[in-house]
Amino acid sequence: MRRPPAPDHPLEYSRAERNALFLIFALCLAVVAAVHLWPVSPATPTSPEAAASYRAEVADFIARAEAASDSLAEEKALRQATYAAQRQEWADQRLRRQASYANRRQEWGKRDYAPRNTGFAERRTKGSPAHQTSIDYAVPMPALASVDPNTVDSITLLRLGVPVGIAARWLKYSRSGGRFRKTEDIGKLYGLADSTSQRLQAYLAIPRGAVTVAEVLPSEGSAPAPA
């Protein structure tokens with residue numbers, strides 16, 4: 001018998017080989033279809049006793065499934081009722097807290113609390129003018145070259161736009177014996193801006209013949225003035 005010639009390519013098959021492959025593929029499809037599509041009938045008892053036992057097992061299984069379903073439903077309903085009661089309790093607690101807070105606010109409004117640290121408040125309002133922080137706009141602006149920096153008060157300083165801290169420092173310097181020899185000396189105050197100092201100098205004027213501290217205090221070694 002003469003053998004067929006060898007194919008030129010490894011994947012090249014003869015007609016007989018191709019037919020064999022198609023047949024094998026068709027057989028595989030038939031086996032798979034038979035396995036998946038073959039009707040499977042439940043096992044039937046062969047005797048009346050076995051049929052009765054089978055029916056009893058099925059009925060028992062159905063009864064146990066229904067009992068478990070009813071138990072789950074009851075448990076779910078119990079959880080829902082418990083959660084609803086807890087939510088209601090939380091709402092009642094919130095309402096009680098709100099009512100208690102409203103009552104406390106009313107009680108706080110009715111109480112007459114004595115102001116604390118009244119001495120400091122009195123010193124700020126009735127004490128020295130250096131602690132006065134409000135600007136009295138009823139006081140008119142002073143005229144130019146009419147304010148003596150050595151005798152100026154806090155109301156005038158605040159009216160001129162001097163900050164509160166610098167006004168207190170200004171008055172403390174004057175009351176401790178410090179003197180301004182000329183209007184430009186106010187620029188030496190700590191914290192006073194140069195622009196504010198230049199603006200204030202237009203309102204300041206030092207009167208001639210002003211008595212200085214050196215003139216009031218006797219010098220060392222000098223005889224006391226006669227009584």
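The first residue of the sequence shown is numbered 1, and numbering continues consecutively from there.
Residues Leu78 and Leu72 fall into different hydrophobic clusters, defined by Ile, Leu, Val, Met, Phe, Trp and Tyr side chains chained together at heavy-atom separations under 4.5 Å. One hydrophobic cluster, built from ILVMFWY side chains closer than 4.5 Å, holds both Phe180 and Leu144.
A distance of 12.0 Å separates CD1 of Ile166 from CG of Leu171, quoted to the nearest 0.5 Å. We find the CD-CD distance between Gln93 and Gln88 to be 11.0 Å, quoted to the nearest 0.5 Å. The CG atom of Asn103 lies 6.5 Å from the CD atom of Glu107; values are rounded to the nearest 0.5 Å. Atom NZ of Lys172 and atom CZ of Arg169 lie 9.0 Å apart (nearest 0.5 Å).
Between the side chain of Asp185 and the backbone N or O of Lys182 there is at least one donor-acceptor pair closer than 3.5 Å. Put simply, the side chain of Ser71 never gets that close to the backbone of Ala67: no donor and acceptor are under 3.5 Å apart. At distances below 3.5 Å, not a single donor-acceptor pair connects side-chain atoms of Ser69 with backbone N or O atoms of Ala65. Between the side chain of Trp170 and the backbone N or O of Leu157, no donor-acceptor pair lies under 3.5 Å. For the pair Asn150 (side chain) and Arg179 (backbone), a donor-acceptor distance under 3.5 Å is absent.
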Give the table of side-chain donor-acceptor pairs shorter than 3.5 Å for residues 17-37, with sequence neighbours excluded, one pair per line with atom names and distance.
unit_1	atom_1	unit_2	atom_2	d
Glu17	OE1	Ser14	N	3.1
Arg18	NH1	Tyr13	O	2.6
Asn19	ND2	Arg15	O	3.2

Which donor-acceptor pairs under 3.5 Å do the side chains of residues 192-202 make with protein atoms, sequence neighbours left out?
unit_1	atom_1	unit_2	atom_2	d
Ser197	OG	Gln201	NE2	3.4
Arg199	NH1	Leu160	O	2.9
Arg199	NH2	Leu160	O	2.9

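Nearest heavy atom pair, residue Pro207 against residue Ala205, reads CD-O, 3.6 Å.
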Take Asp148 and Leu204 through the side-chain contact (heavy atoms from CB on, under 4.5 Å) test and state the conclusion after the steps. CA-CA 6 Å; Asp148 185 1; Leu204 302 181; over 6 Å; no

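Counting heavy atoms from C-beta outward, Ile62 and Glu66 have side chains that approach closer than 4.5 Å. Using a 4.5 Å heavy-atom cutoff, the side chains of Val162 and Leu158 are not in contact. Within the 4.5 Å cutoff, the side chain of Tyr173 has no heavy atoms near those of the Tyr190 side chain. Two residues are said to be in side-chain contact when any heavy atoms from C-beta on lie closer than 4.5 Å; Arg79 and Lys76 meet this criterion.
Thr156 and Asp153 are linked by a side-chain donor-acceptor pair at a separation below 3.5 angstrom, with hydrogens and angles left out of the test.
A search for ring-ring contact (aromatic ring centres under 6.0 Å, His included) contacts involving Tyr203 returns nothing, not counting sequence neighbours.
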